[in-house]
Amino acid sequence: QVQLVESGGGLVQAGGSLSLSCAASGRTFSSYAMGWFRQAPGLEREFVAAIDWSGGGTYFADSVKGRFRISRDNGKNTVYLQMNSLKPEDTAVYYCAAGFVSGSQDLMYDYWGQGTQVTVSS
């Protein structure tokens with residue numbers, strides 16, 4: 001059981017950067033794989049990035065490869081999403097999620113944060 005709270009969203013110009021944080025509380029954070037998803041207006045929630053329990057295995061959607069980086073600090077019970085070279089199409093509500101197995105499908109995750117808005121202006 002884990003509770004997740006995202007922060008760090010905001011408004012940024014295209015080409016800029018933002019760093020999102022997801023603070024976790026509850027049981028045994030370090031045993032969970034973590035993922036980031038996003039949902040833009042008119043679209044379904046889509047996978048962004050995932051990281052395994054150790055932090056050694058990371059996975060990215062093709063749309064963000066080379067621009068985004070996911071990391072975690074188990075000592076701080078926090079997962080991060082560093083977003084660089086942002087594009088207007090990155091505009092969405094970003095959610096972090098926790099599950100036993102990392103992957104690109106939202107059904108693989110058991111716990112979700114409330115989301116944080118990221119808006120990228122052109």
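Heavy-atom basis, side chains included; hydrogens, waters and symmetry copies ignored. In this chain, numbering begins with 1 at the start of the sequence shown.
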Student: Kindly work out whether a path of hydrophobic side-chain contacts (I/L/V/M/F/W/Y, heavy atoms less than 4.5 Å apart) joins Val2 to Val101.
Tutor: yes
Student: For the residue pair Tyr94 and Phe68, categorise the inter-ring angle as parallel (less than 30°), tilted (30 to 60°) or perpendicular (more than 60°).
Tutor: tilted
Student: Report the C-alpha distance between Tyr111 and Tyr32 in whole Å, list the side-chain angles of each, state the deciding distance to 0.1 Å, and finish with yes or no for side-chain contact (heavy atoms from CB on, under 4.5 Å).
Tutor: CA-CA 10 Å; Tyr111 308 103; Tyr32 288 93; 3.9 Å; yes
Student: Find out if a path of hydrophobic residues (ILVMFWY) with successive side-chain heavy-atom gaps under 4.5 Å connects Leu11 to Val120.
Tutor: no
Student: Say whether Leu20 and Trp112 are linked into one hydrophobic cluster, either directly or through other cluster members, by side-chain heavy-atom distances under 4.5 angstrom.
Tutor: yes
Student: For Gln13 and Ser121: C-alpha separation, side-chain torsions, deciding distance, then whether side chain to side chain donor-acceptor pair (under 3.5 Å) applies.
Tutor: CA-CA 5 Å; Gln13 191 173 11; Ser121 62; 5.7 Å; no
Student: Any side-chain donor paired with an acceptor under 3.5 Å for Asp52 and Ser102?
Tutor: no
Student: Checking Thr119 against Val12 for the side-chain contact (heavy atoms from CB on, under 4.5 Å) test, could you report, in this order, the C-alpha distance in whole Å, the side-chain angles of both residues, the deciding distance, and whether it holds?
Tutor: CA-CA 6 Å; Thr119 302; Val12 66; over 6 Å; no
Student: Using salt bridge (Lys or Arg N to Asp or Glu O under 4.0 Å) as the criterion, point out the one residue from Glu44, Glu46, Glu89 that pairs with Arg38.
Tutor: Glu46
Student: Can you see which heavy atom on Met34 is nearest to which on Cys22, and at what distance?
Tutor: CE-SG, 4.4 Å
Student: Can you name the nearest heavy-atom pair linking Ala49 to Phe60, along with the distance?
Tutor: CB-CD2, 3.6 Å
Student: Going through the checks in order, is the side chain to side chain donor-acceptor pair (under 3.5 Å) test met by Glu6 and Gln114?
Tutor: CA-CA 7 Å; Glu6 303 95 334; Gln114 84 291 338; 3.2 Å; yes
Student: Under 4.5 Å between side-chain heavy atoms, counting indirect links through other Ile/Leu/Val/Met/Phe/Trp/Tyr residues: same cluster for Ile51 and Tyr80 or not?
Tutor: no
Student: May I have the step-by-step check of side-chain contact (heavy atoms from CB on, under 4.5 Å) for Val118 and Asp90, ending in yes or no?
Tutor: CA-CA 8 Å; Val118 172; Asp90 295 318; 5.5 Å; no
Student: Distance check, rounded to the nearest 0.5 Å: Leu86 atom CG versus Ser17 atom OG?
Tutor: 6.0 Å
Student: Taking the side chain as everything from C-beta on, heavy atoms only, tell me whether Thr116 gets closer than 4.5 Å to Val93.
Tutor: no
Student: Think Arg45 forms a cation-pi with Tyr95, using NZ or CZ under 6.0 Å from the six-ring centre and within 45 degrees of its axis?
Tutor: yes
Student: With a 4.5 Å limit on heavy-atom distance, are the side chains of Trp53 and Ser31 in contact?
Tutor: no
Student: For Ser85 and Arg67, work out which heavy atoms get closest and say how close.
Tutor: O-NH1, 3.0 Å
Student: Same cluster for Phe47 and Met83 if Ile/Leu/Val/Met/Phe/Trp/Tyr side chains link at under 4.5 Å?
Tutor: yes
Student: Side chain to side chain donor-acceptor pair (under 3.5 Å) between Thr78 and Asp73: does it pass, once the steps are laid out?
Tutor: CA-CA 5 Å; Thr78 302; Asp73 185 336; over 6 Å; no
Student: Please find the pair of heavy atoms, one from Gln82 and one from Ser19, that lie closest to each other, and give the distance.
Tutor: OE1-CB, 3.3 Å
Student: Indicate the atoms forming the closest heavy-atom contact of Ala98 with Leu4, along with that distance.
Tutor: N-CD1, 3.8 Å
Student: Please lay out, stage by stage, how Trp36 and Val79 fare under the test side-chain contact (heavy atoms from CB on, under 4.5 Å).
Tutor: CA-CA 9 Å; Trp36 285 96; Val79 63; 4.0 Å; yes
Student: Which atom names give the shortest non-hydrogen contact between Ser104 and Phe37, and what distance separates them?
Tutor: O-CE2, 3.7 Å
